[in-house]
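The shown structure was predicted, so the numbers you read here are calculated from the model rather than taken from an experiment.
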Amino acid sequence: QEWQNPFATWNPRDFCNISEIVLPMDTYWSPPIFFLERVNGQNPELNYMVLMHNGSFNSTRPYQVTLTCSLIILKFPFDTQMCNLSIASFLYPVTDFVMKTRRTPAEIMKDSQSFFLTDGEWKFTNLSIIEYTEMMDDKGFSVVTYVISMERRPTLYILNLILPTCALYLLDMAVLFGPSSLEEKINFQIAIILGSSMLAVILNNSLPTSSNKPPIIGTH
């Protein structure tokens, strides 16, 4: 965060060429912000800010938060999700308090990729910024929303679910139209049913449930 305070300025020449100082957050006014999608998290322990001689304040406070996100899993496991991270301050209307992003989405995207080092299930693909005014009780409030796009890595689901399912269906067709006797076909069909049941249990535990529409892979 960066903001200006014209009442907190000085001439460095009058104070041993000191051009900046570090102060606690409660020393001067600082912008109060809220995460709209936040459901849980930890408040930052770094409660300090840097004051420049020209009245410019700079505060870097790392937040760790858990956000709500509406998932659309119709194309699971080949789905791409978009989650919003909205920052707002409902204590001051837009006539008194306006938030702006200093860096472009491309710059923030580059920095985000450098921090996103995990090689897990999700791949960070894109980030965009929306600045708008939210109307509440006939008052406008400044809001900045970061739209985060994440792409699921489907390799694990292909190996564990899709390929075994296709193999069972092919085996079922081969046994059904093969030259085997009726008794052998029945035994094969029972084995295939048991295998399909086990795959259904694994699939039920693997599929995400937070969506209005079930994934296609779970309906066939």
Side-chain angles (χ1 to χ4, degrees), residues 1-69 81-151:
Q1 292 178 288
E2 289 186 0
W3 66 95
Q4 290 288 135
N5 188 341
F7 301 102
T9 60
W10 72 90
N11 189 349
R13 296 180 181 179
D14 298 335
F15 298 94
C16 302
N17 292 326
I18 298 176
S19 60
E20 64 179 48
I21 56 176
V22 179
L23 299 173
M25 290 295 296
D26 55 359
T27 305
Y28 283 90
W29 176 89
S30 60
I33 61 172
F34 308 95
F35 297 98
L36 301 187
E37 297 86 3
R38 175 175 175 173
V39 295
N40 195 6
Q42 298 179 358
N43 293 325
E45 298 180 356
L46 188 63
N47 294 319
Y48 291 91
M49 56 186 175
V50 178
L51 171 59
M52 305 294 294
H53 69 278
N54 58 359
S56 175
F57 284 82
N58 187 297
S59 173
T60 302
R61 309 179 69 191
Y63 284 88
Q64 182 178 356
V65 297
T66 302
L67 307 175
T68 59
C69 183
Q81 305 297 336
M82 299 179 63
C83 296
N84 294 341
L85 172 61
S86 300
I87 302 175
S89 178
F90 295 116
L91 299 181
Y92 301 97
V94 72
T95 54
D96 301 330
F97 184 85
V98 178
M99 292 190 298
K100 296 289 183 180
T101 55
R102 183 185 62 180
R103 294 180 294 175
T104 63
E107 294 174 342
I108 300 178
M109 176 75 178
K110 183 178 180 180
D111 292 342
S112 300
Q113 287 178 335
S114 64
F115 287 112
F116 198 84
L117 301 178
T118 178
D119 191 21
E121 181 179 358
W122 294 96
K123 178 182 179 182
F124 179 53
T125 57
N126 192 27
L127 185 145
S128 59
I129 303 174
I130 303 175
E131 299 176 357
Y132 64 98
T133 300
E134 180 76 18
M135 300 301 298
M136 293 181 60
D137 298 331
D138 298 330
K139 292 183 178 180
F141 298 92
S142 179
V143 181
V144 176
T145 298
Y146 296 88
V147 182
I148 305 170
S149 299
M150 308 287 289
E151 180 181 343

* **Test side-chain contact (heavy atoms from CB on, under 4.5 Å) applied to V94 and F141, step by step** => CA-CA 5 Å; V94 72; F141 298 92; 5.9 Å; no
* **side-chain contact (heavy atoms from CB on, under 4.5 Å) evaluation trace for M150 with C83** => CA-CA 8 Å; M150 308 287 289; C83 296; 5.8 Å; no
* To do: Just do the side-chain contact (heavy atoms from CB on, under 4.5 Å) check on T101 and E131 with the steps written out, would you?
  => CA-CA 8 Å; T101 55; E131 299 176 357; 2.8 Å; yes
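The only option from T133, D137, D138 that meets the side chain to side chain contact (heavy atoms under 4.5 Å, CB included) definition with M135 turns out to be T133.
Summarising the geometry of F124 relative to S149, their closest heavy-atom pair is CD1-O, 3.7 Å, with the distance given to 0.1 Å. Scanning all heavy atoms of the two residues, the minimum distance from N47 to R61 falls at OD1-NH2, 2.6 Å. Of all heavy-atom pairs between V147 and M82, the closest is CG1-CE, 3.3 Å. Across all their heavy atoms, A8 and Y28 have their closest contact at CB-CE2, 3.9 Å. Of all non-hydrogen atoms in A88 and M99, the two that sit nearest each other are CA-CE, 3.6 Å. Taking both residues in full, the closest heavy atoms of P105 and S128 are given as CB-CA, 4.4 Å, listed atom of the first, atom of the second, then distance.
Between the side chain of S19 and the backbone N or O of P12, no donor-acceptor pair lies under 3.5 Å. For the pair E20 (side chain) and V50 (backbone), a donor-acceptor distance under 3.5 Å is absent. A donor-acceptor contact shorter than 3.5 Å is absent between the side chain of T145 and the backbone of N84.
Using a 3.5 Å distance cut-off with no hydrogens or angles, the side chains of E2 and S56 do not pair a donor with an acceptor.
Here P31 pairs with Q1, W3, W29, F97 under the side-chain contact (heavy atoms from CB on, under 4.5 Å) rule; sequence neighbours left out. R13 meets the side chain to side chain donor-acceptor pair (under 3.5 Å) test with no other residue; sequence neighbours excluded.
Rounded to the nearest 0.5 angstrom, L67 CG and S86 OG are separated by 9.0 Å. The distance from the CD1 atom of I87 to the CD atom of E37 is 9.5 Å, given to the nearest 0.5 Å. If you take NZ on K110 and CG on L127, they are separated by 15.0 Å, rounding to the nearest 0.5 Å. Between atom CD of residue E151 and atom NZ of residue K123 there is a gap of 6.0 Å, rounded to the nearest 0.5 Å. Atom CD1 of residue I21 and atom CH2 of residue W10 lie 4.5 Å apart, to the nearest 0.5 angstrom. Here the NE2 atom belonging to H53 is positioned 9.0 Å from the OG1 atom belonging to T9, to the nearest 0.5 angstrom.
Within 6.0 Å of the OH atom in Y132, the count of heavy atoms belonging to other residues, nucleotides or ligands exceeds 12.
Annotation: side chain of S142 is not in contact with side chain of Y92 (no heavy-atom distance under 4.5 Å).
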